[in-house]
Protein chains: 2
Amino acid sequence: MSAASKTAVRSVPSIAETGNTSSRDRLDWLAERRIAIEGIDPEIDGGRFPAKTVVGETLVVEADIFGDGHETFDAALLYREGKDGAWKEAPLTFVINDRWRGELVFEQNGPAAFTVIAWRDLYAQWAYEIRKKVAAGQKVTLELTEGRHLVEAAMKTPRDGAPALPVADQLASTTDESALLDLLLSDEVMGWMKLAAPRANLTRYDKDLPIWVDRKAAAFSAWYELMPRSMTDDETRHGTFRDVIDRLPYVQDLGFDVLYFTPIHPIGKTNRKGRNNTLTPGPDDVGSPYAIGSVDGGHDAVHPELGTIEDFDALVAAAHEHGLEIALDFAIQCSPDHPWIKEHPEWFDWRPDGTIKFAENPPKKYEDIVNVHFYRDAIPGLWYALRDVVLYWVEHGVKIFRVDNPHTKPFPFWEWMIAEVHEQHPDVIFLAEAFTRPKVMKRLGKVGYSQSYSYFTWRNEKWELEQYLTELTTEDCRHFMRPNFFANTPDINPVYLQTSGRPGFRTRLVLAATLAGNYGIYNGFEICDAAPMPGKEEYLDSEKYQIRIWDMDQPGNIQDDIRLVNRLRRENPALQQFTSLKFFKAYNDNILYYGKFDPATSNYLLFHVNLDPHNVQSCQFEVPLWEFDLPDDASIEVEDMLHGNHFTWHGKSHAIELDPQTRPYAIWRLYPPGAPRS
Amino acid sequence: MSAASKTAVRSVPSIAETGNTSSRDRLDWLAERRIAIEGIDPEIDGGRFPAKTVVGETLVVEADIFGDGHETFDAALLYREGKDGAWKEAPLTFVINDRWRGELVFEQNGPAAFTVIAWRDLYAQWAYEIRKKVAAGQKVTLELTEGRHLVEAAMKTPRDGAPALPVADQLASTTDESALLDLLLSDEVMGWMKLAAPRANLTRYDKDLPIWVDRKAAAFSAWYELMPRSMTDDETRHGTFRDVIDRLPYVQDLGFDVLYFTPIHPIGKTNRKGRNNTLTPGPDDVGSPYAIGSVDGGHDAVHPELGTIEDFDALVAAAHEHGLEIALDFAIQCSPDHPWIKEHPEWFDWRPDGTIKFAENPPKKYEDIVNVHFYRDAIPGLWYALRDVVLYWVEHGVKIFRVDNPHTKPFPFWEWMIAEVHEQHPDVIFLAEAFTRPKVMKRLGKVGYSQSYSYFTWRNEKWELEQYLTELTTEDCRHFMRPNFFANTPDINPVYLQTSGRPGFRTRLVLAATLAGNYGIYNGFEICDAAPMPGKEEYLDSEKYQIRIWDMDQPGNIQDDIRLVNRLRRENPALQQFTSLKFFKAYNDNILYYGKFDPATSNYLLFHVNLDPHNVQSCQFEVPLWEFDLPDDASIEVEDMLHGNHFTWHGKSHAIELDPQTRPYAIWRLYPPGAPRS
C-alpha cells in the first residue's frame, strides 16, 4: 500500500491527457462512455481521498446511472482488496429516480477500491418489448427470430467464465412459436443471458475510487486515559510502568478496550512548568509531560522515572493479556532540552539573535515548548524522523496513537506519514486531537486520521446534540471522519460537569458511549471529579503539572454505569456502528431520545437520557413502530436493559419519567415481531 | 477549442500517474500542496464538465481554503480565456468559516478555465504578531529585525513584474525602532510586500476547471415559434419562406429575439400522417414536418413547397434586419423516404426480414418515422453527417438549434457534436427539447446544451413553482442547465390554459417571461388558442398535421401584455439573469410574489401574479425592506411598471388585490435610498 494507492484515482487518462484530441479520437473516447454514471457515494473530493470502512462492515454505495432513451440496462460494482487485488463484481440494484444502490464488504485491513460499470441489457429489453406486444395481441414472428439471434450470438461469444447454455439442445429443436416464446422467456434462458450475453455499451466510471479498510477498533473502541506517573499511592513517589501493570485489572473490569497514556518521554527541565501551570516550579515538580525531550532523550525514549523500555514492553504485553491495547500520545513539540535542537538545528526556527523561536500565540508565549517547522531544510529529515518515531513505538507493540494538536502541523505531513506507517502496518490507528474549525477537523479525517476528537464535549442541549449528530452520521463526513466522544480529557473539564454532580456524569457517560462508536473517559471521571481552575475548563491541581493520587472506589463512583455501558456496547451490534443512529420524538427538550438500530442482526436499542442533572423530567414519547412497518396501535415486546425485565408496549404513545438522582437514563431493547430473543 | 479543452481538467498528473510513488517522491508531491483547497464552486463532476457563464456576466466562485495552524494566508483565482490564453489573476476574499469568494467576468465567447491558488503571507503574519506584542507593551527589537529581513528578502528576489520598493532608501536609513515599526507597517511597505514578496507554500488546486462562455442570447432570449407553411391566408396555399418574411415586422413588434421554425425539410410520403394525427391522410395532406426526408432530400434540404435555399437565405437576412435570429429544429429521425436509408443502410436497424425497425414504444408504433442508431457501423459516419447538417445550416446563418428529443440519442454524441460545432462556431446555441427525468435533463446541460426545456409548463401551483424555481436557481444545476420557459409548444397545450381563458394566458406569459432568462411562446398563444384534442394536451387541428390560418389581431389577443414584458426584459438587467430570483411572502396561496434583483445596476423588480384565473385574489404581502438594510417601518419609493406612476410604500406590510379579468399581475420597481431613478 502506498500513499499513491490510497489517494490517487485510477490512471485512466482523460482525453486531454492522452494527447488524442483529434475529432475522431474524441469521438471514440466519448463513444465508449455511453451510459451516464455520476453522483457516486462515497466519492471524497473527486476520489482524491479514500472513504473509510471497517473489515466486515457493510459499505453502502450509491450512484446515479442512466442511459439515453428508454432502454433496459444494468449495472454493477467492481471492487478489489489490497493494492493490486483482483477485481470482483457485486450487484447494484435500482432504487428510484435513476439512483442505484449496492453493498460492499471488505475483509482485508488495508487499501481497497471500487468503481461502477453499467451496460445496455439488450436481451432484457427484447423480453420487455415482446411481452408488451404479446399482451397487445401483436404478431411476434420477427421478434422471436431476433430473440433467438441474441441467444445464439451469446452462445458464440459468451462472456468470460460463463457456463454453457443448459437448454441449448432444446433451443435448437424448438420451432413452434409459442414454445419458443416460452423458452426464450424462461428463467433458464433469461438467467443464462445475464451471465453470458455480451454487455452492450459497457461503460466504466473513469475513476477507481479509493477505500481505506480499517480494523474494527478504528470505529469501535472504548478508551480509558491515565497518566502513568499518578499510578502511585504516594504523591512523592513517581508512578511507574510497573504500577500501571497493577492497574490493568481495574481498567479491564470496567470494560475498556484501549488504555491511553499522556506522553511517556523524558521531560525537559528548562522553563519547566510548576503546579497549576505556574512559571515558578519547585525543585521536585515533575513538569508537563508535553514538554518532551531532555538529556535522557526525545520522542523515542521513556522518562527514566517511569521505568525502562523493557518495563514498557512488559506493560504492553500485560495489557494485551488483559484485553487492552496501549495508546500513546504523539506530541511533536519539543522542550528546549530536546536532543534534536542540537542534532538538527535545521528543524527549528532561529531568530536573528541566535535564539530559538518559542511557541507563542501573541502576546502569549509558551516558553517550555518549541515547535519544529516542517519545511525548508526540515524536508525530508524531520518527516522521516517523525515517521520513524511512530514506527519505533509500533515495533514496541503500540498500534494506536492519539496525536496532539495535528491541525497546527501541515496536512501533507500527516497524509504522507500515515500512509508510510500504513504501508507497513495497516492496523495502526491515529486519533486526531484537533479542536478547531469544522472544515479543518474534517480535512484531518480526509488525509488519513482514523478517529477524531469532536465538539461533543460542548454539546449539551438536546437541539445541538441532535443537530451535531445528524451532521456527523448523515453528511459526507461520515465516510472519512469518525468521532471519538471523550467525555472529559486532561485539557477539558467541561463546564456542564463542573456543576452537574454525579447525575451529569452518568448522563454524559451514556451519551458518549452510545451515540458514538468510539468514546473515552479520562480517569477521575468515574469518581465525578470536576474541581476546576476557577472560571476555566481546566482541572484544579491538574495532573498535567503534578502527581495526583486517585481513589476510584470512593463513594459516589459510577463504576457500575461504566461497566453496564461497556458491556452493552460489546453485546449489541447496533452500538458498534456510528451511522445506525436515529432520533425519535420525546416531547420534552430535556430528554434526548434516540435509537441505535442494526437490522442485519435485529438489534434495536432505544435510549432516553435526561439532560437536566438537577430536575426530574418526564415526557410522552413515540415508540417507533413505523420502523418495523407496524401500525400505530400495534404492540411490541421490549426489554429494560438496566433491569432485565421484559414486557410489552401497546401502541405508539408512551410516557416516561427520569429522576436524575435515581434514573438519569433508560435503555430499552425492542423485539419486533420475528426478531430473535437474545 | 476542442472537446478536450471543454471537458477535461488540467493534466497535472496525480502522484500515481507520475509513477513516482517512492516514499520521497510522495513526500515532495504532497509537500507542494500545503494549503487545503477544496469545495470549489463551480466544479461540475470533479471538473469533467464545464460550468457555463455568459460574456460579460459575473461568475461568482467560492472555495474552502485553509492552512494548518493559525497563520495568515491569502488566495486568488487564476483564470484564462480561450483554449490557450494567458493566465490572469483575480482576487479572492475571505467570507466566513474558511470560505472564500471571488468574481470572474469573461469577455470572450468560447472555452475558458479557472483554478485557485493560495499561499502563506509571512509578512502579514509578522505584522499581525508585532502589532499584538506592541499593544501588550512587549519589546520587539528582534521582531523588527525579522520584519526588515522579510522586506530585504523580497527586494532581493521579488515576484515577477513587481515594481521597486518605493521607500527603499528610507528603509535603508531608518534605525530608530519606532520609526522602523511605522515604516514596516506603512501602507507603502505592506502594499508592496503583497505585490513583491515571495508566496510561501504557494499551492495550486490540482485541476484547472473548465468554463464555457456563451454569448448573451444563450441565457437571455425571447422565442416566438411558428410553422412557416401556415404563414398564408388560405389553407389550400402552402405558406413559404417569403410569407414568413412578411410576418417579421409583427414578430419584431411583439419584441421577440428569436424566431423558431419547426423542421423545414422535405416531408416523407410513406405512411404520412393525416390531420389530427390520423393514419388515413388525404392526397392533399401536408404531413408532419417531423417525418424528415423524401426524394427531395434530407436534413440539409428545404421542403420545396416552402421555397428554395436562396429563399431561406433571404429570410435569414431579413430576420436579422428585423432584429431577429432564426432558430431551426434539429430532429434526427427520418421518414422512410429519407435518402440516407439507401445511401447509408448501416445507420439503421434492420430486421431479420430485411425491413427497417420503425420507431416504437411497445405496443405503440410510429410508422412514419425510423430512428437512426448511433453505434456499430454508424460510427463515425453518422456522427460526422449529423455534425455536418448542423454546420450546413450554420453556414446559412442559423446559430440557434432547438433539438428534438435529445434524451433518446446517446449523450456522447451530443457532447462530441456540440464541441465540434463550438470549435468552429462558439456562438451556436443548442436548446434541448427533453421532457424526461430530472437527472437526464441535467445531464444534457452538462454535455453541452446551452438551454433546456423544463417542467415549467406543468408547474401551476404556488408551492411547486417556488420549489422548482428554487431548485433551478440555487442548486448545482444553475451552472450548467439554463431553462427556456416555453408557455406552450405545438406538442404541449397545457391543461391549465385549456380552462383558464385569457387571464391564464396573461398569467403564464408573465411567469415565463420574468421567472426565466429564456422563454418562448408558440404562435396562437397571443390569441389564447387552446382548443384541445379532447382529454389530451394536444391542440385540436394541430399545425403539426395541417396548415392553419391565424388571425393574431382578433379581439381578446394579449399582444399588449407580450409587448410589455418583452420591453421590460430589455430595459431591466435583473430580468436578463436567471439566478437573480427571490421569493417573498404573500399570504395567499394563489398569489406568487417574487423579486428579480440586480444590485450591480440597482435594478429591483417585484412581481405579484394571480395564479387563479377565475377569482379575484387578495393578500397581505411583505415589502422586502430588509434586502436594503432598511427597518420594518422604513419607506421606499416604488414605480408601477404597468402604469408608470411613482409613489411610496411606508412600512413592511401592504395589501394587494388582483382581479384576473382586469389585473392578473402587478409589476413594481423599487427605488431604495441611493438607487438612481431610471
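Within every chain, numbering begins at 1; the chains are lettered A, B, ... in the order of the sequence lines, protein sequences first and strands thereafter. Atom set for the values below is all heavy atoms of this structure, side chains included, hydrogens, waters and symmetry mates excluded.
At a 4.5 Å heavy-atom cutoff, the contact between Gln138(B) and chain A is made by side-chain atoms alone. Neither the backbone nor the side chain of Glu71(A) comes within contact range of chain B; no heavy atoms are under 4.5 Å apart. Neither the backbone nor the side chain of Arg131(B) comes within contact range of chain A; no heavy atoms are under 4.5 Å apart. Within the 4.5 angstrom heavy-atom criterion, only side-chain atoms of Tyr384(A), from C-beta onward, approach chain B.
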**OP:** Tell me, with the steps shown, if Glu420(A) and Arg26(B) meet salt bridge (Lys or Arg N to Asp or Glu O under 4.0 Å).
**Re:** CA-CA 10 Å; Glu420(A) 289 273 310; Arg26(B) 279 181 276 148; 3.3 Å; yes
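Taking Glu32(B), Arg34(B), Glu129(B) one by one and counting their heavy-atom pairs under 4.5 Å with chain A, the maximum is reached by Arg34(B). Counting heavy-atom pairs closer than 4.5 Å to chain B, the top residue among Gly69(A), Pro438(A), Pro406(A), Pro410(A) is Pro410(A). For chain B, the option among His149(A), Lys132(A), Glu146(A) with the highest count of heavy-atom pairs below 4.5 Å is Glu146(A). Looking only at heavy-atom pairs under 4.5 Å with chain B, the residue among Ala136(A), Gly39(A), Ala36(A), Gly67(A) that has the most is Ala36(A).
Atom OG1 in Thr145(A) sits 8.5 Å away from atom CG in Asp353(B) (nearest 0.5 Å). In this structure, Ile35(A) CD1 and Phe411(B) CZ are separated by 10.0 Å, a value rounded to the nearest 0.5 Å.
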Enumerate, atom names and distances included, each donor-acceptor pair closer than 3.5 Å involving a side-chain atom of residues 439-449 of chain A, sequence neighbours excluded.
residue: Lys439(A); atom: NZ; partner: Asp64(B); partner atom: OD1; Å: 2.6
residue: Lys439(A); atom: NZ; partner: Asn97(B); partner atom: O; Å: 3.0
residue: Lys442(A); atom: NZ; partner: Glu471(A); partner atom: OE2; Å: 2.8
residue: Arg443(A); atom: NH1; partner: Glu38(B); partner atom: OE1; Å: 2.8
residue: Lys446(A); atom: NZ; partner: Asp45(A); partner atom: OD1; Å: 3.2
residue: Lys446(A); atom: NZ; partner: Asp45(A); partner atom: OD2; Å: 2.9
residue: Lys446(A); atom: NZ; partner: Glu38(B); partner atom: OE1; Å: 3.0
residue: Lys446(A); atom: NZ; partner: Glu38(B); partner atom: OE2; Å: 3.3

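A salt bridge links Asp98(B) and Arg437(A); the closest N-O separation between the charged side-chain nitrogens and carboxylate oxygens is under 4.0 Å. Salt-bridge check for Lys357(A) with Glu143(B): failed, with every basic side-chain N at 4.0 Å or more from each acidic carboxylate O.
For the pair Arg33(B) and Pro412(A), the tightest heavy-atom approach, listed with the atom from each and the gap, is O-CG, 3.4 Å. Residues Asp68(A) and Thr408(B) approach most closely at OD2-O, 4.0 Å, considering heavy atoms. Here the closest heavy-atom approach between residue Ser23(B) and residue Trp416(A) is recorded as O-NE1, 3.0 Å.
When atom types are taken as modelled, the side chain of Trp383(B) and the backbone of Arg24(A) share no donor-acceptor pair closer than 3.5 angstrom. Panel note: side chain Tyr375(B), backbone Ala31(A); a donor-acceptor pair is recorded below 3.5 Å.
Within a 6.0 Å sphere centred on OH of Tyr128(A), other residues, nucleotides and ligands contribute 12 heavy atoms or fewer.
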